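Hydrogens, waters and symmetry mates are skipped; everything else that's a heavy atom, side chains included, is used. Not measured: the values here are computed from a predicted model. Letters go in sequence order (proteins before strands), and every chain restarts at 1.
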Amino acid sequence: MASPRIAAENVIREFLGRIKKDPASPLDAPLYADGVGLDSLETAELSALLEDEFGSDPFSSADELPQTLAEVLDHYGAAVEAEAV
Amino acid sequence: MSEQNDPRVVVVTGGSRGLGAGIVREFLDDGSRVATCSRSATPAVEEWASEAPDRFLFVPADLADADDAKRFVDAVIERWGRIDVLVNNAGVARDGILGMMSDEDLDTVIDLNLKGTLYVTRLVSRRMLARRSGAIVNISSIVGISGYRGLTVYSATKAALDGLTRALARELGSRGITVNSIAPGYLRTEMSHGLDEDQLQQIVRRTPAGRLGEPADIARVVQFLVDPRNSYLTGQVIVVDGGLTS
């Protein structure tokens, strides 16, 4: 079974393909503008989708909003480490 | 059974009495799964819980409290996994001339009618966004359009709901989610009890339909607005008042 981080990455890349963004965007690409190019509604949609799939998402529950795909995925990586402690 | 064939999941806020109860009844009758909330249970709620235990959920909640709103929505998701329809019906009226109204009464009306609606809609719209489908109906009032002496704060919150409807319809339209308002006229329910008999008779005389409204009059329009076949209808305020404001 895939780790939450890998599962989240799969969900995000599938989502990007569905909204006509580049599903192969590098992990360090900024989420907005010249990076992945998400607008505010697409960001809300991604946030809701991740919460629906995994029970939490970094846009709603983190102290600082993620700025890159890697920072989104860190939310799920960190959750795994916390569970292991 | 596939999810597509499952009964739809409907959330009706403030469904334990009055208009909300009429809306709950209509959805239960059409086979939907219905969740509702209010601060406390009523005999109607207990009847539905025993009549349709698999299709009815009641959660005691004060939606003016954001934590309670979240607890309610979380309970629906835990039970049925999704929400297809949201009817924002919960509301409270405090009558009186604005110049004499206490801070407490002002807060009570705004906190439930406006902030409570926003709390629930924020949570439910996220679930609908994730699935790219859904229908939201806000129960406003003709007093939000025409005003009514002694109901200034209530009227302001109802007008705000119509603004919410228009803005949210624009926000979510591209994601297959419709948002509409129904502005009922004067109904024969608890909310009309702030009006005395003379006032009610005067309203009846001025109403082309010649009577006060019944909850079922409104519930049928709710059903129409949330019918997936009517997905081209969004961002509108439907006045259902027997012709009073025509």
Legend entry - A/Arg18 atom CZ: more than 12 heavy-atom contacts under 6.0 Å: yes
Legend entry - Over 12 foreign heavy atoms within 6.0 Å of CZ, B/Arg170: no
Inset, instruction - Taking atom NZ of B/Lys70 as the centre, report whether more than 12 heavy atoms of other residues, nucleotides or ligands fall under 6.0 Å from it. - result: no
Legend entry - Proximity breakdown for B/Ser174 and chain A, heavy-atom pairs closer than 4.5 Å: side chain
Legend entry - B/Glu78 atom CD, neighbour heavy-atom count above 12 within 6.0 Å: no
Inset, instruction - Answer with side chain, backbone, both or neither: which region of A/Ser40 has an atom nearer than 4.5 Å to a non-hydrogen atom of chain B? - result: neither
Inset, instruction - Using a cut-off of 6.0 Å, state whether more than 12 heavy atoms not belonging to A/Phe15 lie near its atom CZ. - result: yes
Inset, instruction - Measure across A/Ala48 and B/Leu129 and return the closest heavy-atom pair with its distance rounded to 0.1 Å. - result: CB-CB, 4.2 Å
Legend entry - Nearest-0.5 Å distance that lies between atom CD in A/Glu45 and atom CG in B/Leu172: 10.0 Å
Inset, instruction - Please say which of B/Arg127, B/Arg126, B/Arg82 ends up in a side-chain contact (heavy atoms from CB on, under 4.5 Å) with A/Asp52. - result: B/Arg127
